[in-house]
Structures are given as C-alpha cells and as structure tokens.
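All values below were derived from every heavy atom in this structure, side-chain atoms included, with hydrogens, water molecules and symmetry-related copies excluded.
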Amino acid sequence: MWTESSRRKANVREESYQKQILDLLGKLQSNTMDLDNLLVMLVGLHEFGMSATDIISKEELAESVIDVSCKLIHSDAGSLMLINQDNNELYIAASRGLPPDVVSSVKMKIGQGIAGRVAQTGKPIFVEDIESDIRFLRPNTGDRYHSKSFISVPLRVKNRVVGVLNINAPREIKSFEDRDVRLLTILADQAAMTLENIELYNNLQNFYFEMIQTLARAIDAKDSYTFDHADRARRYAKLIAERMHLPQAIVRHVEYAALMHDIGKIGIEDTILRKPGKLTPDEIEIIKKHPVIGNKIISPVTFLSPVAPMVLYHQEWYDGNGYPEGLRGEEIPLGSRIVAAIDAYDAMTSDRPYRKALPKEYAISELVRGAGTQFDPNVVEVFVNILKDETLN
C-alpha cells in the first residue's frame, strides 16, 4: 500500500530518471549534430581537394576550416597556422576570437612554442592551463589570454606537417574530451590533404600559364607585325574581366582565351599570314578557318576545355554577322566578346603588312561605332574606360 511519502519518493525518482534520459538524448542529439557538421565539412573539403576550383587560396580554405572547427568544439576562439616555406615559420592564416594585433604579430619558428612543437613532432598537444604552462608563448600585449586551455593538432600530409590547428576550450568546460581530439584530428588531416591539392593545382596552373604564354609568343613570332599581340591581349582581357566583376576562375579562362585566340593560325600558311597586299576571297576563307583549328587544338586538353569555346567564337559579331556559326548577342560566350573587342583594337593600333598603326583615338572611336553591331556594348564601355584611364595616367 502506497503512503503519501512513498508516492513523493517515487515521483522524485521518476523525475530524476526522466531528467537523466532527457540529458542523454540531448547529448546524443548534440553529438549527432557535431558529427553531421563534421561530415558535411569533410565532404566539402574532399570536393575542394578534388577540383581545387571553389577555393582559390590557402587563406580561404583556412577561414573555412577554423569556422567549422570552432563550431564542432563549441569554442569561440582558435587559429589555423600555416608554414611559410621561405622562412620555415608558422603564421596565422585564419582565426576566430583573437585580437587583430595578436593575429598580425604572431610568428614562430618550427619547434618554438606549443604550435611550433606540434609542427615539429606531428603530434597533438593539450595545454591544460595556459597561464602556468612555460611552453606557451604569449605576444607582448599585456593582455591575459582569455581562455584557460586549448588544444593544438597538426595538419599532416603523409609524414609532413603543413600547418597547425589551435582551438581554445569553451569557457564552460575545463578540459577537452578524447572525442574532441579525434574530431579535430580528422578535420585537420582532411584539411591538410586539401591544402596539398591546392598547392599542386596552383603549381599546375602556373605551369600551364607559362606553357600557354610560350606557345602564344611562338604564334606571334610567325608574324613580325603582330609581335607581343598575345601579351597585350592577355593584359587587357584580365583588366576587362576584373572590372566586369567576373569570378576569379572565369577571369583566368578569359586570360587564357586572349593568349590563345590565334593559336589556330599555326595551321595557316605563312605566305597568307605575311602577305603584304590584299587577300583574295579564297585566302580570306582560309584565314577564317583559324578559330575552328584553334578549337580543335585546345578542346582535347581537359584543363583548357572551358577556354575552347571562347577561342572558337572570338570572330562572331554581336549582330550575328560574324563567323564561324553566325551567333548573336549573348549566344556568344562572354570571353569571346571580350577577346573580339581587344583583338580588333590591337589590330587597328598595330603595324600591319598593308598599313601603319592607326591612332589610338581613332581605334577607340571605331570600337564605339561598332558597339551593338560587331561588339558587345557593355564590353566596349568597360574597355574604352580602361583605355581612357591609361591615357590619363
């Protein structure tokens, strides 16, 4: 038989059990959310690592990594340090919750301080009490470090350390759990591989760019009248694309298109390219083949596949009266429209076999006159402003 006292004790026990179950469910839900966040980030990092096109710089990747790291550990402060290969020093590439003067001033040699030792040994270090740990190096700002403890984990590629991830412990806890270390280590390892891929990608980009420049100059060398044409076209293409606020990847593709738009002239006889007099109708038709030849040369190269259509259509007119397919308006790739205006301007302002270079002012007036017929009006407006700025400077 239940007494009032027994009922109260039973209710207390039941409420206690319910609270424990709710706490457990809360922890499981929190862990699941953390794991979900980690999974999403790892998938994102893997995609970045495979393509290396969404994140251009190491610093952009570092910002992304430090954001998700702080979320995973529920921390409000941390930093991701990368190794500067020129001086073998760690510098802060991205941070959260740290004073700007600390971020800009912190530099440390490999083996120096906590992060330096992690970079040297490739093993994580947990600092339980920053104030009493003699290994911890503080910038001379006079401020107390606002976190009691933090963990530092290496970013490793095979046996090589490329950086260090430092995360402060949340204020409400005194220590990290093993699970926190495992999560950060998994994230750091994937980030390191992505950094490595970005480095390889950038090196490959530089290699291709140098190769393309060499090839473009070789094409220009076939015709002494167009010497340096490709380099000038590339410079203007970059300026126009940037002023039109195109994504950085597209800017680079437009640069490549400007460099390589005449590559198809490799297949055109020198006697036609260098002919001092007027071309015959048959010779004009042969010249008109160079965009198609260029497209055939470029399109099989995976790296240059986005550039191939820009080369193919750079002789199209905005009103549809160009070649090879008579495209009009925005049917023509924007890169092709940019190259078309640059190509025409450079042709007018360069010496040709049949005439001397025309004045810059005349060439500009011809671009304006051709806006809406031969050229994209928006491209002409941007390009003319760039040319006028050059005149003023």
Of all the heavy-atom pairs spanning [X] and [Y], show the shortest one and how long it is.
{"X": "Ser152", "Y": "Val118", "answer": "OG-CG2, 3.5 Å"}
{"X": "Ala119", "Y": "Ile110", "answer": "CB-CD1, 3.8 Å"}
{"X": "Val292", "Y": "Pro324", "answer": "CG2-CB, 4.1 Å"}
{"X": "Gly294", "Y": "Ile263", "answer": "CA-CG2, 3.6 Å"}
{"X": "Ala371", "Y": "Pro377", "answer": "CB-CA, 4.0 Å"}
{"X": "Leu98", "Y": "Ser79", "answer": "CD1-CB, 3.9 Å"}

For [X] and [Y], indicate whether the former's side chain and the latter's backbone hold a donor-acceptor pair under 3.5 Å.
{"X": "Ser75", "Y": "Asn168", "result": "yes"}
{"X": "Gln374", "Y": "Trp317", "result": "no"}
{"X": "Thr349", "Y": "Tyr345", "result": "yes"}
{"X": "Lys265", "Y": "Pro291", "result": "no"}
{"X": "Thr373", "Y": "Gly370", "result": "yes"}
{"X": "Glu316", "Y": "Glu325", "result": "yes"}
{"X": "Ser336", "Y": "Met310", "result": "yes"}
{"X": "Arg337", "Y": "Ile332", "result": "yes"}
{"X": "Thr280", "Y": "Glu283", "result": "yes"}
{"X": "Gln112", "Y": "Lys109", "result": "yes"}

Worked verdict on Ser69 versus Leu165 for side chain to side chain contact (heavy atoms under 4.5 Å, CB included): CA-CA 9 Å; Ser69 299; Leu165 177 62; 3.5 Å; yes
Residue list, ring-ring contact (aromatic ring centres under 6.0 Å, His included) with His314, at least two apart or on another chain: His261, His290
Test ring-ring contact (aromatic ring centres under 6.0 Å, His included) applied to Tyr236 - qualifying residues, sequence neighbours left out: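 Expected list: Phe383.
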Over 12 non-hydrogen atoms of neighbours within 6.0 angstrom of NZ in Lys289: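 For Lys289, atom NZ is not crowded (no more than 12 foreign heavy atoms under 6.0 Å).
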Less than 4.0 Å between a side-chain N and a carboxylate O, is that true for [Y] and [X]?
{"X": "Arg156", "Y": "Asp189", "result": "yes"}
{"X": "Glu255", "Y": "Lys238", "result": "no"}
{"X": "Arg235", "Y": "Asp346", "result": "no"}
{"X": "Arg369", "Y": "Glu366", "result": "yes"}

Side-chain heavy-atom pair [X], [Y] within 4.5 angstrom cut-off:
{"X": "Arg243", "Y": "Asp389", "value": "yes"}
{"X": "Gln120", "Y": "Val161", "value": "no"}
{"X": "Thr185", "Y": "Leu187", "value": "no"}
{"X": "Lys107", "Y": "Asn84", "value": "no"}
{"X": "Ile268", "Y": "Ile286", "value": "yes"}
{"X": "Ile83", "Y": "Val162", "value": "no"}

Residues that Glu63 engages under side-chain hydrogen bond (donor to acceptor under 3.5 Å, both in side chains), provided they are two or more places apart: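 Once residues adjacent in sequence are excluded, the partners of Glu63 under the side-chain hydrogen bond (donor to acceptor under 3.5 Å, both in side chains) criterion are Arg96.
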Residues which pass side-chain contact (heavy atoms from CB on, under 4.5 Å) with Pro359, listed by chain and number, not counting sequence neighbours: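 Partners of Pro359 by the side-chain contact (heavy atoms from CB on, under 4.5 Å) criterion, ordered by chain and then number, come out as Glu361, Tyr362.
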Given the rule that I, L, V, M, F, W and Y join up when any side-chain heavy atoms are under 4.5 Å apart, are [X] and [Y] in one cluster?
{"X": "Leu312", "Y": "Ile287", "value": "no"}
{"X": "Tyr318", "Y": "Val380", "value": "no"}
{"X": "Leu239", "Y": "Ile364", "value": "yes"}
{"X": "Ile293", "Y": "Val307", "value": "yes"}
{"X": "Ile386", "Y": "Phe375", "value": "yes"}

Where at least one partner belongs to residues 75-119, residue pairs that pass ring-ring contact (aromatic ring centres under 6.0 Å, His included), sequence neighbours excluded: none
[X] side, atom [atom1]; [Y] side, atom [atom2] - distance, nearest 0.5 Å:
{"X": "Leu334", "Y": "Ile250", "atom1": "CG", "atom2": "CD1", "value": "9.0 Å"}
{"X": "Ile240", "Y": "Ile338", "atom1": "CD1", "atom2": "CD1", "value": "6.0 Å"}
{"X": "Leu367", "Y": "Leu387", "atom1": "CG", "atom2": "CG", "value": "7.0 Å"}
{"X": "Ile272", "Y": "Ile284", "atom1": "CD1", "atom2": "CD1", "value": "10.5 Å"}
{"X": "Lys356", "Y": "Leu358", "atom1": "NZ", "atom2": "CG", "value": "12.0 Å"}
{"X": "Lys388", "Y": "Lys360", "atom1": "NZ", "atom2": "NZ", "value": "11.0 Å"}

Trace of the side chain to side chain contact (heavy atoms under 4.5 Å, CB included) decision for Leu61 with Thr194: CA-CA 8 Å; Leu61 176 65; Thr194 307; 3.8 Å; yes
Stepwise side chain to side chain contact (heavy atoms under 4.5 Å, CB included) test for Ile167 and Leu184: CA-CA 9 Å; Ile167 302 295; Leu184 289 176; 4.1 Å; yes
Intermediate values then yes/no, side chain to side chain contact (heavy atoms under 4.5 Å, CB included), Leu155 and Leu80: CA-CA 9 Å; Leu155 276 66; Leu80 192 144; 4.2 Å; yes
Glu285: partners by salt bridge (Lys or Arg N to Asp or Glu O under 4.0 Å), with sequence neighbours left out: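 With neighbours one apart ignored, the set is Lys288.
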